[in-house]
A.B. asks: 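What follows is a structure written as structure tokens; I'll ask about it next.
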Amino acid sequence: MAKLQAIRGMNDILPGQSLTWQYLESCFHRVVQRYGYQEIRFPVLEQTQLFKRSIGEVTDIVEKEMYSFDDRNGDNLSMRPEGTAGCVRAADQHGLLYNQQQRLWYAGPMFRHERPQKGRYRQFHQFGVEAFGMAGPDIDVELLQLAAQLWQELDIAEFLTLEINNIGSAADRKAYGAELTAFLESRKENLDEDASKRMYSNPMRVLDSKNPQVQEALEGAPELAAFVSQESIEHYAMLRAMLTELGIAFRENARLVRGLDYYNNCVYEWTTDTLGAQGAVCGGGRYDGLVAQLGGKPTLAAGFAIGVERLVLMLDSLEKVPAEALHPVDIYVLSVGKVAPSLGLQVAAELRQKYPQLGIVSHCGGGKYNSQIKKAFNSGASLAVVLEAGQDGDNAAVDVKIRRLGDSDESRDVALTDLTTQIAEFL
RNA sequence: GUGACUGUAGCUCAGCUGGUAGAGCCCCGGACUGUGACUCCGGUUGUCGUGGGUUCGAGCCCCAUCAGUCACCCCA
């Protein structure tokens with residue numbers, strides 16, 4: 001029978017990698033906790049409608065990347081392609097948003113049916129942070145400060161660049177879109193099929209066309225900047241000033257347009273050139289219209305999401321995971337000769353009680369000294385405890401040795417009763 | 001969704017113009033040593049990604065399919 005394998009683009013995270021993930025997760029937890037953000041958890045499945053109404057009907061994500069299906073009741077459901085929509089739905093459904101401020105975070109798997117490549121997978125993971133009820137730009141800057149802090153803790157700040165842009169309010173973009181549609185209608189005969197369709201559904205996306213003929217037709221098209229409201233301009237100017245005052249470097253990128261429709265005013269991406277084509281590690285911005293769009297009371301909002309796989313790739317290739325985070329075993333207890341069968345387990349238990357923060361493995365399965373000490377080395381432990389006896393079941397006659405592993409061959413004979421205290425000198 | 005390249009042992013890979021599948025590492029046992037060494041001896045492992053086709057004969061050629069990698073696109 002043919003072996004079954006994982007679905008394309010969906011990865012197993014094996015023991016060799018999971019330590020890196022844990023390191024990253026603990027770092028993230030530490031930082032959001034220090035900023036006073038609280039965790040929210042929401043389902044992987046939602047009604048398809050939620051994503052259509054938030055992300056936008058004519059975005060790539062909704063048009064061709066969602067895992068959607070009819071469940072047994074005939075409801076059309078989708079696996080979440082991102083976190084913000086579900087977060088907003090959950091927070092609003094439970095009354096967390098009305099007349100309140102919230103600082104929330106989440107983490108978990110997201111699903112998009114794209115062609116996999118480096119840093120892009122069909123099941124991928126995000127850390128997300130969302131803030132509700134604050135006008136900014138102070139909260140926007142706080143979010144960026146939080147991200148910058150995370151890069152510092154991970155020691156990868158020098159490899160990331162913050163790019164920012166102002167895409168104006170929803171009203172600004174609506175006015176601009178109308179103008180752009182009118183302009184495109186005047187050049188109708190020079191547009192390709194794709195552009196002709198989008199000029200009505202989502203005219204701004206025509207600007208991204210790779211077709212040279214379309215690009216030519218865009219000559220002299222109106223520019224978004226001319227439509228951005230004074231209020232939005234001021235918000236953006238303040239944001240830049242605050243970033244400068246806080247020493248958070250950034251680069252303005254007028255072509256930075258996010259692929260999700262709900263963003264407004266300031267949007268940003270942290271990018272790196274260490275990952276190849278998928279250089280965006282973190283992306284976000286304001287989305288003041290989304291809550292109302294989903295049926296809630298108008299609520300100011302901003303947030304970002306981080307791609308965990310991309311961060312893991314960065315940490316690996318830059319070798320930024322501390323060695324101690326990669327060694328789950330500290331002490332390896334082995335028994336040779338005629339040691340009572342339960343002694344190893346008992347000694348390990350005592351060590352665990354005294355040093356609960358350490359990882360302690362008791363060798364199981366027998367074997368000669370050489371094979372056991374070899375397993376001790378291979379476990380990555382820094383110390384081995386060797387129990388050896390010539391006499392059956394006589395614990396008093398057991399020789400106990402603490403042996404430093406790694407490059408050193410330092411060792412010390414100790415009494416069984418002194419082991420847990422003596423070993424402190426080796427830690 | 002499009003394109004390019006790639007699929008041979010647990011891992012890394014070799015395998016000539018088509019002629020009965022190999023190496024290293026790892027792992028296990030043993031000798032030696034008696035604190036993972038070295039050396040030596042011995043041992044396990046493959047439907048050559050899958051399914052068709054061409055051929056007397058296919059790991060190698062052809063088609064399809066699945067998967068991986070990278071890029072386009074898009075994004076985290």
Side-chain angles (χ1 to χ4, degrees), chain A residues 1-11 14 16 24 55-56 58-66 80-84 106-129 147 160 163 194 205 208-211 256-260 263 267-272 275-285 303-314 332 334 336-337 363 365-381 383-388 399 401-413:
Chain A
M1 187 156 70
K3 274 191 190 170
L4 296 171
Q5 48 188 342
I7 292 169
R8 179 169 212 192
M10 304 207 179
N11 298 314
L14 304 176
L24 187 52
I55 296 165
V58 288
T59 56
D60 279 7
I61 292 175
V62 168
E63 274 181 342
K64 50 194 187 196
E65 294 175 4
M66 281 210 293
R80 59 186 187 193
E82 57 104 45
T84 300
Y106 60 83
M110 308 294 164
F111 303 85
R112 292 182 200 172
H113 191 106
E114 297 179 88
R115 189 79 165 251
Q117 72 183 78
K118 186 177 186 179
R120 191 176 74 181
Y121 309 101
R122 290 184 174 180
Q123 173 175 335
F124 62 103
H125 296 76
Q126 288 186 335
F127 290 140
V129 175
L160 289 165
E163 297 187 22
D194 200 39
R205 293 202 56 207
D208 302 331
S209 171
K210 286 287 187 281
N211 186 332
L256 177 63
V257 184
R258 319 239 61 240
L260 295 78
Y263 286 109
V267 296
Y268 44 84
E269 268 177 23
W270 294 87
T271 61
T272 180
L275 287 180
Q278 305 302 322
V281 163
C282 170
F304 66 75
I306 292 171
V308 180
E309 280 81 356
R310 291 180 186 180
L311 231 34
V312 167
L313 284 169
M314 273 187 87
Y332 196 98
L334 47 121
V336 287
H363 178 86
K368 298 194 308 183
Y369 179 88
N370 270 351
S371 88
Q372 289 195 42
I373 195 75
K374 191 170 180 181
K375 286 195 167 69
F377 273 96
N378 289 343
S379 76
L383 295 177
V385 170
V386 181
L387 308 171
E388 188 162 12
D399 292 326
K401 189 174 292 186
I402 300 167
R403 158 83 143 94
R404 196 181 293 286
L405 302 171
D407 295 334
S408 164
D409 60 356
E410 178 190 357
S411 71
R412 181 189 298 179
D413 294 310

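What you see is a predicted model, and the numbers here were worked out from it, not measured in a lab. Below, read A as the first sequence line, B as the second, and so on, with proteins coming before strands; counting in each chain starts at 1.
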A.B. asks: Whole angstrom is fine here: how far is it from CG in A:Leu14 over to C1' in B:rC11?
C.D. replies: 13 Å
A.B. asks: When you compare B:rU8 with B:rA67, how far apart are their C1' atoms, in angstrom units rounded to a whole number?
C.D. replies: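 One C1' to the other, the span is 15 Å.
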A.B. asks: Quantified in whole Å, what is the C1' atom distance between nucleotide B:rA58 and nucleotide B:rG15?
C.D. replies: 14 Å
A.B. asks: Which one is paired to B:rC56, where only Watson-Crick or G-U wobble pairs with both distances under 3.5 angstrom count?
C.D. replies: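 Partner of B:rC56: B:rG19.
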A.B. asks: Rounding to an integer number of Å, can you tell me how far A:Lys375 NZ sits from B:rA37 C1'?
C.D. replies: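 Spelled out: NZ on A:Lys375 to C1' on B:rA37 is 17 Å.
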A.B. asks: Taking B:rU50 as the reference, what is the distance to B:rG7 when you measure between their P atoms (whole Å, please)?
C.D. replies: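 B:rG7 and B:rU50 have their P atoms separated by 14 Å.
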A.B. asks: Strictly by Watson-Crick or wobble contacts shorter than 3.5 Å, is anything paired with B:rA9, and which nucleotide is it?
C.D. replies: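 The answer is none; no pair meets the criterion.
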A.B. asks: Is there a side-chain contact between A:Arg8 and the phosphate of B:rG68, meaning an N or O under 4.0 Å from OP1 or OP2?
C.D. replies: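 For B:rG68, OP1 or OP2 has a side-chain N or O of A:Arg8 closer than 4.0 Å.
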A.B. asks: Any chance you could lay out the side chain to side chain contact (heavy atoms under 4.5 Å, CB included) test for A:Arg412 and A:Arg404, step after step, and finish with the verdict?
C.D. replies: CA-CA 9 Å; A:Arg412 181 189 298 179; A:Arg404 196 181 293 286; over 6 Å; no
A.B. asks: Of all the nucleotides listed (B:rC74, B:rA76, B:rG36), which has the minimum atom distance to the side chain of A:Phe124?
C.D. replies: B:rA76
A.B. asks: Do A:Arg310 and A:Lys118 touch side chain to side chain, with heavy atoms closer than 4.5 Å?
C.D. replies: no
A.B. asks: Can you check whether A:Pro109 reaches A:His125 side chain to side chain, under 4.5 Å on heavy atoms?
C.D. replies: yes
A.B. asks: For nucleotides B:rG43 and B:rG34, find the distance between their P atoms and express it as a whole number of Å.
C.D. replies: 28 Å
A.B. asks: Determine the contact category for A:Gly9: base if any of its heavy atoms lies under 4.0 Å from a base atom, sugar-phosphate if only primed atoms, P, OP1 or OP2 are that close, otherwise nothing.
C.D. replies: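 Sugar-phosphate: the residue A:Gly9, judged by heavy atoms under 4.0 Å, touches backbone atoms but no base.
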A.B. asks: Send over the distance from A:Lys64 NZ to B:rU2 P, rounded to a whole Å.
C.D. replies: 12 Å
A.B. asks: Working note: A:Asn11 + A:Gln123, criterion side chain to side chain contact (heavy atoms under 4.5 Å, CB included); need CA distance, chi angles, decisive distance, verdict.
C.D. replies: CA-CA 7 Å; A:Asn11 298 314; A:Gln123 173 175 335; over 6 Å; no
A.B. asks: Taking side chain as C-beta onward, heavy atoms only, is A:Gln126 less than 4.5 Å from A:Ile306?
C.D. replies: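 Answer no - side chains too far apart.
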A.B. asks: Given B:rA71, is OP1 or OP2 found less than 4.0 Å from the side-chain N or O atoms of A:Gln117?
C.D. replies: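 Checking A:Gln117 against B:rA71: at least one side-chain N or O falls below 4.0 Å of OP1 or OP2.
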A.B. asks: Expressed in whole Å, how much space separates the C1' atoms belonging to B:rG10 and B:rC26?
C.D. replies: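 Nearest-Å result for B:rG10 against B:rC26 at atom C1': 8 Å.
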A.B. asks: Just so I know, are the side chains of A:Leu260 and A:Thr84 near enough to count as touching, which here means a heavy-atom distance under 4.5 Å?
C.D. replies: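 Answer no - side chains too far apart.
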A.B. asks: Considering every strand and a 4.0 Å limit on heavy-atom distances, what is the contact class for A:Gln278: base, sugar-phosphate, or nothing?
C.D. replies: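 Base contact.
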A.B. asks: Could you work out the separation of B:rG59 and B:rC66 based on their P atoms and round it to a whole Å?
C.D. replies: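 Each nucleotide's P atom is 23 Å from the other's.
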A.B. asks: Mind calculating the distance between CG (A:Asp399) and P (B:rG34) to the nearest angstrom?
C.D. replies: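 Spelled out: CG on A:Asp399 to P on B:rG34 is 18 Å.
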A.B. asks: Would you mind classifying the nucleic acid contact of A:Tyr121 as base, sugar-phosphate or nothing, using non-hydrogen atoms under 4.0 angstrom?
C.D. replies: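 Base contact.
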A.B. asks: So which nucleotide from B:rG36, B:rA71, B:rU35 ends up closest to the side chain of A:Asn378?
C.D. replies: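 Minimum distance to the A:Asn378 side chain belongs to B:rG36.
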A.B. asks: Could you tell me the Watson-Crick or G-U partner of B:rC74, where both distances fall under 3.5 Å? Say none if there is no partner.
C.D. replies: none
A.B. asks: Within the structure shown, what part of the strands sits under 4.0 Å from A:Leu311 by heavy-atom distance: base, sugar-phosphate, or nothing?
C.D. replies: nothing
A.B. asks: Quickly work out the A:Leu387 CG to B:rU35 C1' distance and round it to whole Å.
C.D. replies: 14 Å
A.B. asks: Taking the P atom in each of B:rA23 and B:rC41, what is the distance between them to the nearest angstrom?
C.D. replies: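 That atom pair is separated by 14 Å.
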A.B. asks: Is there a side-chain contact between A:Gln117 and A:Gln278 (heavy atoms, below 4.5 Å)?
C.D. replies: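 Yes. Closest side-chain heavy atoms under 4.5 Å.
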A.B. asks: Sort out the partner of B:rA4 for me: Watson-Crick or G-U wobble, both distances under 3.5 Å, none otherwise.
C.D. replies: B:rU69
A.B. asks: Answer with yes or no whether A:Arg120 presents, from its side chain, a donor or acceptor under 3.5 Å of a partner atom in the base of B:rA76.
C.D. replies: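 When only heavy-atom distances are counted, A:Arg120 does not reach the base of B:rA76 through any donor-acceptor pair under 3.5 Å.
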A.B. asks: Take the protein atom CD of A:Glu388 and the nucleotide atom P of B:rG34, then report the distance between them rounded to whole Å.
C.D. replies: 15 Å
A.B. asks: Just compare B:rA76, B:rC74, B:rC72 and give me whichever is closest to any side-chain atom of A:Asp60.
C.D. replies: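 Minimum distance to the A:Asp60 side chain belongs to B:rC74.
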A.B. asks: Which listed nucleotide (B:rG30, B:rG36, B:rC72) is nearest to the side chain of A:Lys368?
C.D. replies: B:rG30
A.B. asks: Hey, does A:Leu405 have a side-chain heavy atom less than 4.5 Å from the side chain of A:Ile373?
C.D. replies: yes
A.B. asks: I'd like to know if A:Arg115 reaches the base of B:rC70 with its side chain, counting only an N/O donor and acceptor under 3.5 Å.
C.D. replies: no
A.B. asks: Report the nucleotide, chosen from B:rC72, B:rC70, B:rG36, that has the shortest atom-to-atom distance to any side-chain atom of A:Phe377.
C.D. replies: B:rG36
A.B. asks: Quick one: label A:Lys118 by what it contacts on the DNA or RNA (base, sugar-phosphate, nothing), any heavy atom closer than 4.0 Å.
C.D. replies: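 The answer is sugar-phosphate, as A:Lys118 gets under 4.0 Å only of primed atoms, P, OP1 or OP2.
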A.B. asks: Which one, B:rG36, B:rC73, B:rA67, comes nearest to the side chain of A:Gln5?
C.D. replies: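 My answer, after comparing the listed nucleotides, is B:rA67.
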A.B. asks: So what's B:rG34 paired with, Watson-Crick or G-U wobble, going by both distances under 3.5 Å?
C.D. replies: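 By the stated definition (distances under 3.5 Å), nothing pairs with B:rG34.
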A.B. asks: How do A:Ala280 and A:Lys401 order along RNA chain B: which one's closest nucleotide is nearer the 5' end?
C.D. replies: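 Nearest nucleotide further toward 5': that of A:Lys401.
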A.B. asks: Given atom CG of A:Leu313 and atom P of B:rU69, what is their separation to the nearest angstrom?
C.D. replies: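 Atom CG in A:Leu313 sits about 10 Å away from atom P in B:rU69.
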A.B. asks: By centroid distance (under 5.5 Å) and plane angle (under 30°), are A:Tyr369 and B:rG34 in a stacked arrangement?
C.D. replies: no
A.B. asks: How would you label the contact of A:Gly128 with the nucleic acid (heavy atoms, under 4.0 Å): base, sugar-phosphate, or nothing?
C.D. replies: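 Here A:Gly128 touches no strand at all.
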A.B. asks: Suppose you measure atom C1' in B:rC5 against the same atom in B:rG30; what distance do you get, rounded to whole Å?
C.D. replies: 46 Å
A.B. asks: Take the protein atom CD of A:Gln372 and the nucleotide atom P of B:rC28, then report the distance between them rounded to whole Å.
C.D. replies: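 Between P of B:rC28 and CD of A:Gln372: 12 Å.
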